[in-house]
Amino acid sequence: MTNCIATLAIGDGVLHPKSLESYQSAAERWGADLVAFREPLADCHFWWQKTFAIDHLLRYDHVLQIDADMLIAEDCPSPFTECDPGRLGVCRDLQHPRQYRLERWLSNQTRRWSKHLGLRQPGGRQCINAGMLLYGPRQLLPWFRLWRAIGRTHKFPAWGLGDQSVLCVLCVNFQFHQLLADRWNQTHANTSWRPDLPKCMTRSIYHFCGRQDRAARISGVDWRAARSTVQ
(Lines give C-alpha, C1' and ligand atoms only; values in the text may rest on other atoms or scores of the structure.)
Protein backbone atom coordinates (compact mmCIF):
# COMPACT_ATOMS: atom_id res chain seq x y z
CA MET A 1 0.00 0.00 0.00
CA THR A 2 1.36 3.40 -1.01
CA ASN A 3 0.51 6.25 1.34
CA CYS A 4 0.95 9.98 0.99
CA ILE A 5 0.98 13.17 3.04
CA ALA A 6 -0.30 16.02 0.88
CA THR A 7 -0.48 19.73 1.60
CA LEU A 8 -1.34 22.88 -0.32
CA ALA A 9 1.49 25.39 0.02
CA ILE A 10 0.31 27.91 -2.54
CA GLY A 11 1.96 31.30 -2.13
CA ASP A 12 5.14 32.63 -0.54
CA GLY A 13 5.51 31.90 3.15
CA VAL A 14 2.36 29.80 3.42
CA LEU A 15 4.23 26.68 4.51
CA HIS A 16 6.28 27.44 7.63
CA PRO A 17 9.77 25.83 7.60
CA LYS A 18 8.99 24.02 10.87
CA SER A 19 5.77 22.66 9.40
CA LEU A 20 7.59 21.39 6.33
CA GLU A 21 10.29 19.82 8.48
CA SER A 22 7.72 18.03 10.61
CA TYR A 23 5.87 16.78 7.51
CA GLN A 24 9.11 15.48 5.99
CA SER A 25 9.99 13.72 9.22
CA ALA A 26 6.54 12.11 9.46
CA ALA A 27 6.63 10.96 5.84
CA GLU A 28 9.99 9.29 6.41
CA ARG A 29 8.84 7.57 9.62
CA TRP A 30 5.57 6.37 8.11
CA GLY A 31 7.03 5.27 4.78
CA ALA A 32 4.85 7.75 2.89
CA ASP A 33 5.45 10.18 0.07
CA LEU A 34 5.19 13.91 0.72
CA VAL A 35 3.43 15.97 -1.95
CA ALA A 36 3.37 19.76 -1.57
CA PHE A 37 1.32 21.63 -4.16
CA ARG A 38 3.10 24.93 -4.81
CA GLU A 39 0.96 26.23 -7.69
CA PRO A 40 -2.81 26.83 -7.81
CA LEU A 41 -4.80 23.77 -8.79
CA ALA A 42 -7.79 25.76 -10.04
CA ASP A 43 -8.99 29.32 -10.54
CA CYS A 44 -10.86 29.68 -7.26
CA HIS A 45 -10.52 30.86 -3.67
CA PHE A 46 -7.73 29.05 -1.83
CA TRP A 47 -10.20 27.40 0.57
CA TRP A 48 -11.62 25.40 -2.33
CA GLN A 49 -8.24 24.40 -3.76
CA LYS A 50 -8.24 21.39 -1.42
CA THR A 51 -11.15 19.87 -3.33
CA PHE A 52 -8.93 19.59 -6.42
CA ALA A 53 -5.88 17.94 -4.83
CA ILE A 54 -7.45 14.48 -4.96
CA ASP A 55 -7.30 14.49 -8.78
CA HIS A 56 -3.50 14.48 -8.54
CA LEU A 57 -3.31 11.80 -5.84
CA LEU A 58 -5.22 8.90 -7.40
CA ARG A 59 -2.08 6.74 -7.62
CA TYR A 60 -2.01 6.50 -3.81
CA ASP A 61 -3.95 4.04 -1.67
CA HIS A 62 -4.34 6.32 1.34
CA VAL A 63 -3.83 10.08 1.66
CA LEU A 64 -3.41 12.33 4.69
CA GLN A 65 -4.26 15.77 3.32
CA ILE A 66 -3.38 18.52 5.77
CA ASP A 67 -3.29 22.30 5.72
CA ALA A 68 0.03 24.13 5.59
CA ASP A 69 -0.38 25.61 9.08
CA MET A 70 0.12 22.42 11.08
CA LEU A 71 2.83 20.55 12.98
CA ILE A 72 3.18 16.79 13.35
CA ALA A 73 4.83 15.68 16.59
CA GLU A 74 8.01 13.70 16.16
CA ASP A 75 6.54 10.76 18.10
CA CYS A 76 3.14 10.90 16.40
CA PRO A 77 2.13 7.43 15.20
CA SER A 78 0.89 6.84 11.68
CA PRO A 79 -2.78 7.78 11.22
CA PHE A 80 -3.22 5.49 8.23
CA THR A 81 -4.35 2.60 10.43
CA GLU A 82 -7.01 4.76 12.11
CA CYS A 83 -9.49 4.85 9.25
CA ASP A 84 -10.55 2.58 6.40
CA PRO A 85 -9.60 4.12 3.02
CA GLY A 86 -13.26 3.94 2.06
CA ARG A 87 -14.20 6.45 4.75
CA LEU A 88 -13.26 10.11 5.14
CA GLY A 89 -11.38 10.51 8.40
CA VAL A 90 -12.01 13.90 10.03
CA CYS A 91 -11.91 15.54 13.47
CA ARG A 92 -14.42 17.80 15.16
CA ASP A 93 -13.74 21.53 15.00
CA LEU A 94 -14.69 22.49 18.58
CA GLN A 95 -12.67 20.42 21.04
CA HIS A 96 -12.40 22.52 24.20
CA PRO A 97 -15.07 24.51 26.12
CA ARG A 98 -13.28 27.78 25.34
CA GLN A 99 -13.91 27.12 21.66
CA TYR A 100 -17.66 26.80 22.17
CA ARG A 101 -18.02 30.57 21.64
CA LEU A 102 -17.74 29.70 17.93
CA GLU A 103 -20.69 27.33 18.05
CA ARG A 104 -23.35 29.87 17.01
CA TRP A 105 -21.19 31.25 14.20
CA LEU A 106 -20.53 27.78 12.81
CA SER A 107 -24.23 26.95 13.06
CA ASN A 108 -25.09 30.06 11.06
CA GLN A 109 -22.75 29.00 8.25
CA THR A 110 -24.05 25.44 8.04
CA ARG A 111 -27.62 26.76 8.18
CA ARG A 112 -27.01 28.73 4.98
CA TRP A 113 -25.67 25.74 3.15
CA SER A 114 -28.30 23.36 4.49
CA LYS A 115 -30.98 25.66 3.05
CA HIS A 116 -29.17 25.90 -0.30
CA LEU A 117 -28.88 22.11 -0.50
CA GLY A 118 -32.19 21.15 1.08
CA LEU A 119 -30.46 19.01 3.69
CA ARG A 120 -30.53 18.67 7.46
CA GLN A 121 -28.46 21.25 9.32
CA PRO A 122 -25.62 20.05 11.58
CA GLY A 123 -25.35 21.51 15.06
CA GLY A 124 -22.37 23.74 15.82
CA ARG A 125 -20.62 21.03 17.82
CA GLN A 126 -21.15 18.54 15.01
CA CYS A 127 -19.00 20.65 12.69
CA ILE A 128 -15.83 19.06 11.45
CA ASN A 129 -12.56 20.80 10.62
CA ALA A 130 -11.43 20.42 7.01
CA GLY A 131 -7.76 21.05 7.78
CA MET A 132 -7.06 17.31 8.07
CA LEU A 133 -8.64 14.81 5.69
CA LEU A 134 -7.70 11.12 5.69
CA TYR A 135 -9.03 9.17 2.73
CA GLY A 136 -8.58 6.65 -0.04
CA PRO A 137 -8.60 8.86 -3.15
CA ARG A 138 -10.19 6.36 -5.52
CA GLN A 139 -12.94 5.51 -3.04
CA LEU A 140 -13.70 9.09 -1.99
CA LEU A 141 -13.39 10.72 -5.42
CA PRO A 142 -17.19 10.86 -6.03
CA TRP A 143 -17.72 12.69 -2.74
CA PHE A 144 -14.91 15.16 -3.46
CA ARG A 145 -16.39 15.82 -6.89
CA LEU A 146 -19.80 16.50 -5.34
CA TRP A 147 -18.20 18.80 -2.75
CA ARG A 148 -16.39 20.64 -5.55
CA ALA A 149 -19.47 20.84 -7.76
CA ILE A 150 -21.43 22.52 -4.98
CA GLY A 151 -18.67 25.08 -4.63
CA ARG A 152 -18.56 25.69 -8.36
CA THR A 153 -22.34 26.14 -8.53
CA HIS A 154 -22.01 28.93 -5.98
CA LYS A 155 -18.84 30.37 -7.58
CA PHE A 156 -16.54 28.99 -4.88
CA PRO A 157 -17.59 31.50 -2.20
CA ALA A 158 -15.05 33.04 0.16
CA TRP A 159 -17.53 33.64 2.98
CA GLY A 160 -18.29 31.62 6.07
CA LEU A 161 -15.68 28.88 5.65
CA GLY A 162 -17.63 27.76 2.60
CA ASP A 163 -15.58 24.65 1.83
CA GLN A 164 -15.67 23.36 5.40
CA SER A 165 -19.35 24.19 5.96
CA VAL A 166 -20.40 22.34 2.81
CA LEU A 167 -18.32 19.30 3.74
CA CYS A 168 -19.84 19.30 7.21
CA VAL A 169 -23.38 19.30 5.81
CA LEU A 170 -22.53 16.45 3.43
CA CYS A 171 -20.88 14.35 6.14
CA VAL A 172 -23.71 14.70 8.63
CA ASN A 173 -26.37 13.90 6.05
CA PHE A 174 -24.69 11.08 4.15
CA GLN A 175 -22.40 9.61 6.83
CA PHE A 176 -19.45 8.76 4.57
CA HIS A 177 -17.01 9.99 7.20
CA GLN A 178 -15.41 8.58 10.34
CA LEU A 179 -14.86 10.88 13.30
CA LEU A 180 -11.30 10.49 14.58
CA ALA A 181 -9.82 11.35 17.96
CA ASP A 182 -9.04 15.05 18.45
CA ARG A 183 -5.30 14.42 18.61
CA TRP A 184 -5.15 13.97 14.83
CA ASN A 185 -6.13 17.63 14.33
CA GLN A 186 -5.83 19.75 17.49
CA THR A 187 -7.51 22.96 16.33
CA HIS A 188 -6.60 26.54 17.37
CA ALA A 189 -3.28 25.35 18.77
CA ASN A 190 -1.18 27.71 20.90
CA THR A 191 -4.05 30.13 21.62
CA SER A 192 -5.92 31.06 24.79
CA TRP A 193 -8.72 28.84 23.50
CA ARG A 194 -6.55 25.73 23.98
CA PRO A 195 -5.01 25.85 27.47
CA ASP A 196 -5.04 22.04 27.38
CA LEU A 197 -2.37 21.85 24.67
CA PRO A 198 1.26 21.96 25.87
CA LYS A 199 3.81 23.85 23.80
CA CYS A 200 5.96 20.72 23.87
CA MET A 201 3.73 18.51 21.77
CA THR A 202 3.65 14.72 21.83
CA ARG A 203 1.85 12.04 19.78
CA SER A 204 -0.45 14.46 18.00
CA ILE A 205 -0.97 16.95 15.16
CA TYR A 206 -1.48 20.64 15.98
CA HIS A 207 -3.46 22.92 13.70
CA PHE A 208 -2.71 26.65 13.99
CA CYS A 209 -5.98 27.83 12.47
CA GLY A 210 -7.46 31.17 13.46
CA ARG A 211 -6.78 34.81 12.70
CA GLN A 212 -3.85 35.30 15.06
CA ASP A 213 -0.26 35.27 13.83
CA ARG A 214 0.17 31.68 12.72
CA ALA A 215 3.89 31.92 12.01
CA ALA A 216 4.63 33.15 15.53
CA ARG A 217 2.44 30.46 17.07
CA ILE A 218 4.09 27.71 15.03
CA SER A 219 7.52 29.03 16.01
CA GLY A 220 6.53 28.85 19.69
CA VAL A 221 5.74 25.13 19.69
CA ASP A 222 8.26 22.29 19.90
CA TRP A 223 7.29 19.39 17.63
CA ARG A 224 10.45 17.54 18.69
CA ALA A 225 9.45 17.46 22.35
CA ALA A 226 9.68 13.68 22.51
CA ARG A 227 13.36 13.78 21.55
CA SER A 228 14.02 16.54 24.09
CA THR A 229 12.38 14.48 26.82
CA VAL A 230 14.45 11.41 26.03
CA GLN A 231 17.65 13.40 26.04
Side-chain angles (χ1 to χ4, degrees), residues 1-41 46 49-91 129-141 144 177-178 180-187 189-190 197 199-209 214-215 217-231:
M1 180 175 286
T2 306
N3 298 330
C4 167
I5 300 172
T7 190
L8 275 72
I10 301 169
D12 294 338
V14 171
L15 182 58
H16 194 283
K18 284 182 65 174
S19 296
L20 176 59
E21 189 178 5
S22 77
Y23 297 175
Q24 291 171 330
S25 177
E28 183 176 354
R29 294 194 312 274
W30 301 341
D33 289 346
L34 175 61
V35 177
F37 296 100
R38 301 283 186 173
E39 300 295 331
L41 301 178
F46 69 88
Q49 297 281 331
K50 66 181 61 176
T51 67
F52 290 88
I54 191 171
D55 295 341
H56 305 272
L57 301 170
L58 294 173
R59 66 185 180 277
Y60 293 104
D61 297 302
H62 217 167
V63 171
L64 174 68
Q65 185 174 322
I66 55 178
D67 284 357
D69 57 346
M70 303 177 82
L71 286 175
I72 303 175
E74 188 175 41
D75 63 345
C76 184
S78 170
F80 294 110
T81 58
E82 297 293 313
C83 184
D84 185 276
R87 310 286 292 179
L88 177 66
V90 291
C91 296
N129 184 281
M132 187 284 293
L133 305 171
L134 181 62
Y135 59 88
R138 292 183 293 276
Q139 297 94 320
L140 270 294
L141 183 60
F144 272 73
H177 69 300
Q178 178 180 330
L180 303 179
D182 293 344
R183 72 186 179 109
W184 298 110
N185 182 6
Q186 299 275 17
T187 57
N190 201 16
L197 297 182
K199 291 187 177 181
C200 293
M201 60 189 296
T202 60
R203 299 182 63 79
S204 60
I205 300 175
Y206 280 14
H207 188 184
F208 298 84
C209 53
R214 300 181 189 190
R217 289 190 284 133
I218 292 172
S219 296
V221 170
D222 182 10
W223 67 276
R224 293 184 178 274
R227 174 183 295 185
S228 301
T229 302
V230 171
Q231 292 177 345

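At least one side-chain heavy atom of Leu133 sits under 4.5 Å from a side-chain heavy atom of Leu88. You'll find the side chain of Asp67 stays beyond 4.5 Å of the side chain of Cys209, heavy atoms only. When side chains are defined from C-beta on, Ile54 counts as touching Pro137, because their heavy atoms get closer than 4.5 Å.
With hydrogens and angles ignored, the 3.5 Å screen pairs no side-chain donor or acceptor of Ser25 with any backbone N or O of Glu21. In this structure a side-chain-to-backbone donor-acceptor pair under 3.5 Å is present from Gln65 to Lys50. Under a 3.5 Å cut-off, the side chain of Asp61 and the backbone N or O of Thr2 do form a donor-acceptor pair. In terms of modelled atom types and a separation under 3.5 Å, the side chain of Tyr60 and the main chain of Ile5 share no donor-acceptor contact. A distance-only check finds a donor-acceptor pair linking the side chain of Arg29 to the backbone of Glu74 [under 3.5 Å]. Between the side chain of Ser204 and the main chain of Thr202, a donor-acceptor pair closer than 3.5 Å is present.
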Step-by-step side chain to side chain contact (heavy atoms under 4.5 Å, CB included) determination, Asn3 to Trp30: CA-CA 8 Å; Asn3 298 330; Trp30 301 341; over 6 Å; no
Applying side chain to side chain contact (heavy atoms under 4.5 Å, CB included) to Leu34 and Leu20, what does each step give before you reach the verdict? CA-CA 10 Å; Leu34 175 61; Leu20 176 59; 4.1 Å; yes
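For the residue pair Leu41 and Ile10, the shortest heavy atom distance occurs at N-CD1, 4.4 Å. The shortest heavy-atom contact between Pro77 and Arg203 is CG-NH2, 3.8 Å. Heavy atoms only, all atoms of each residue included: Val63 and Ala6 are closest at CG1-CB, 4.3 Å. Residue Glu82 comes nearest to Leu180 through the heavy atom pair O-CD2, 3.8 Å, listed as atom of the first residue, atom of the second, then distance. The shortest non-hydrogen separation linking Leu134 to Cys83 is CD2-CB, 3.7 Å.
With hydrogens and angles left out, the side-chain atoms of His207 and Asp69 include a donor and acceptor closer than 3.5 Å.
Annotation: Tyr135 is in aromatic contact with Phe144 [ring centroid separation under 6.0 Å].
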